[in-house]
Amino acid sequence: MKLWNFALNGSVVTLELGCEFRKKYKDFLKQYNLFYERMSHGKIYFNEWNSNNTLFSIYMGSNDINDINFIYNNRTINENINYIVDIIFDKIECIKEIGGNNFLIINIPPFDKAPVNSKNKYNYFIDEIFFFNNLLNKKAEELYKKYKDINIIIYNINNEYKYIMKNYKKYNFISRNNAWKLSTNKVFSNLDDYFWRDNTHISNKANRIIAEDINELLISLNKN
């Protein structure tokens with residue numbers, strides 16, 4: 001299996017709605033352009049993939065949800081979220097037009113339950129993430145109805161985070177909401193004992209659990 005990775009840490013969907021420091025990163029729009037310049041018809045790697053053997057995975061929105069609360073324009077928060085999600089699905093349609101048929105979209109985790117919100121300072125994440133994720137579902141359904149040969153999977157990482165945190169002992173974590181990086185005895189503690197690595201990111205072990213769950217989902221769908 002080949003993996004073509006155009007994702008970059010710290011990026012947002014559009015720099016237009018990103019904080020100033022994001023400008024050093026390539027946003028989702030530029031990541032799409034990198035893909036198009038290399039993988040579309042007539043380009044150097046076009047023959048490396050086709051409509052049947054390729055799954056496009058998109059995991060965007062987490063940094064955007066943070067940044068839009070510090071962007072002041074003539075739109076409301078929900079209008080900015082609509083704008084962001086529209087960009088994501090516009091580029092999905094662009095990929096569809098050059099042959100992409102299979103898409104895995106990962107929604108936004110419950111950052112309101114992350115260590116960053118231990119003092120309830122970011123409770124506004126609850127409504128914003130709910131709105132964002134519902135919009136992903138709505139747009140995916142619209143696209144599924146528009147194209148008879150498209151496959152769109154929404155992976156509910158939000159629910160998976162909640163399930164793991166609720167059942168943290170089952171996975172041999174010592175806490176559901178404490179972060180390894182914030183622990184007082186970090187030098188002597190094992191990162192794999194923690195679900196959360198820092199204020200908003202999960203540990204390698206937690207990521208492996210998520211990855212295995214996605215893989216099981218894809219295998220189950222492939223059997224049907």
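From a predicted model like this one, the values you see are computed outputs, not experimental measurements. Hydrogens, waters and symmetry mates are skipped; everything else that's a heavy atom, side chains included, is used. All residue numbers refer to positions in the sequence shown, counting from 1.
Formation of a donor-acceptor pair under 3.5 Å by the N50 side chain with backbone atoms of N53 is found in this model. Of the possible donor and acceptor atoms, one in the side chain of N107 sits under 3.5 Å from a partner among the backbone N and O of I157. Put simply, the side chain of N69 gets close to the backbone of I65: a donor and an acceptor are under 3.5 Å apart. Side-chain atoms of D27 come within 3.5 Å of backbone N or O of L15 as a donor-acceptor pair. Between the side chain of R22 and the backbone N or O of G10 there is at least one donor-acceptor pair closer than 3.5 Å. Counting only distance, with no hydrogens or angles, the side chain of Q31 and the backbone of K26 share a donor-acceptor pair below 3.5 Å. In this structure, the side chain of N167 does not engage the main chain of K170 through any donor-acceptor pair within 3.5 Å. Looking only at distances, no side-chain donor or acceptor of D64 sits under 3.5 Å from a matching main-chain atom of V12. With D112 contributing its side chain and F125 its backbone, the two residues share no donor-acceptor pair below 3.5 Å. Under a 3.5 Å cut-off, the side chain of N117 and the backbone N or O of Y122 do form a donor-acceptor pair.
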Problem set entry | Worked verdict on L17 versus D67 for side chain to side chain contact (heavy atoms under 4.5 Å, CB included) | CA-CA 7 Å; L17 294 178; D67 288 13; over 6 Å; no
For this session: Check the pair I68, I84 against side chain to side chain contact (heavy atoms under 4.5 Å, CB included), reporting the backbone distance first and the verdict last.
Result: CA-CA 10 Å; I68 57 174; I84 290 165; 3.7 Å; yes
For this session: Could you walk me through whether E142 and F89 pass the side chain to side chain contact (heavy atoms under 4.5 Å, CB included) test, one step at a time?
Result: CA-CA 10 Å; E142 290 174 357; F89 279 87; over 6 Å; no
Problem set entry | Audit row: F56, I92, side chain to side chain contact (heavy atoms under 4.5 Å, CB included) steps and yes/no | CA-CA 9 Å; F56 292 86; I92 289 176; over 6 Å; no
Problem set entry | Stepwise side chain to side chain donor-acceptor pair (under 3.5 Å) check, Y36 with K91 | CA-CA 10 Å; Y36 186 84; K91 292 309 173 189; over 6 Å; no
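Grouping the Ile, Leu, Val, Met, Phe, Trp and Tyr side chains by contacts below 4.5 angstrom, directly or via other members, places Y124 with I77. Hydrophobic clustering (side-chain heavy atoms under 4.5 Å, transitive across Ile, Leu, Val, Met, Phe, Trp, Tyr) keeps L191 apart from V116. Under a hydrophobic-cluster definition in which Ile, Leu, Val, Met, Phe, Trp and Tyr are linked whenever side-chain heavy atoms come within less than 4.5 Å, directly or via other members, I98 and Y147 are assigned to the same cluster. Hydrophobic clustering, with ILVMFWY side chains joined whenever heavy atoms are under 4.5 angstrom apart, groups Y83 together with L135. Both L221 and Y59 sit in one connected hydrophobic cluster of ILVMFWY residues. Membership requires side-chain heavy atoms under 4.5 Å apart, directly or through other members.
Closest approach of S51 to N102, counting heavy atoms only: O-ND2, 3.0 Å. Annotation for Y25 and S11: closest pair CB-CA, 4.3 Å, computed over non-hydrogen atoms. Here the closest heavy-atom approach between residue L218 and residue I153 is recorded as CD2-CD1, 3.7 Å. Taking each heavy atom of A114 and N199 in turn, the nearest pair found is CB-O, 3.3 Å. Across L217 and S220, no two heavy atoms sit closer than the pair O-OG, 2.6 Å. Closest of all the heavy-atom pairs between I129 and F111 is CD1-N, 3.7 Å.
If you take CZ on F132 and CD1 on I108, they are separated by 4.0 Å, rounding to the nearest 0.5 Å. Here the CG-CG distance, from N73 to N80, works out to 4.5 Å after rounding to the nearest 0.5 Å. Within the model, atoms NZ of K139 and NZ of K146 stand 10.5 Å from one another, a figure rounded to the nearest 0.5 Å. Separation of atoms CG (L136) and CD1 (I88) is listed at 6.0 Å; rounding is to 0.5 Å. Atom CE of M39 sits about 7.5 Å away from atom OG1 of T54, to the nearest 0.5 Å. To the nearest 0.5 Å, the span separating NZ on K2 from CD on E48 amounts to 3.5 Å.
Ring to ring, Y161 and F195 are close: their centroids are under 6.0 angstrom apart. W196 has its ring centre no less than 6.0 Å from the ring centre of Y168.
The existence of a salt bridge linking K96 and D149 is confirmed by a sub-4.0 Å separation between a basic side-chain nitrogen and an acidic carboxylate oxygen. A salt bridge between K145 and E141 is present, with a side-chain N of the basic residue lying under 4.0 Å from a carboxylate O of the acidic one. Salt-bridge formation is not detected for the pair D193/K205: no Lys NZ or Arg NE/NH1/NH2 atom is positioned less than 4.0 Å from an Asp or Glu carboxylate oxygen.
Taking the six-membered ring where the residue is Trp, Y32 and F35 present tilted rings, their angle falling between 30° and 60°.
Looking at D213 and Y155, their side chains come closer than 4.5 Å, going by heavy atoms from C-beta outward. Using a 4.5 Å cut-off on side-chain heavy atoms (C-beta onward), N204 and R197 make no contact. With a 4.5 Å cut-off on side-chain heavy atoms, I95 and F103 count as touching. For the pair I214/I106, a side-chain contact is recorded, criterion being any heavy-atom separation below 4.5 Å from C-beta on. No side-chain heavy atom of T200 sits less than 4.5 Å from a side-chain heavy atom of N66. Side-chain contact between I174 and Y194 is present, with heavy atoms from C-beta onward closer than 4.5 Å. Contact annotation: the side chain of N133 never approaches that of N156 to less than 4.5 Å [non-hydrogen atoms, C-beta and beyond]. Residues I202 and I164 are not in side-chain contact: their nearest non-hydrogen atoms beyond the backbone lie 4.5 Å or more apart.
Counting non-hydrogen atoms of other residues, nucleotides and ligands closer than 6.0 Å to OH of Y144 gives a total of 12 or fewer.
Evaluation of the ring-ring contact (aromatic ring centres under 6.0 Å, His included) rule for Y45 yields W4 as partners, not counting sequence neighbours.
Counted by atom type alone, K138 and N134 present zero donor-acceptor pairs between their side chains at under 3.5 Å.
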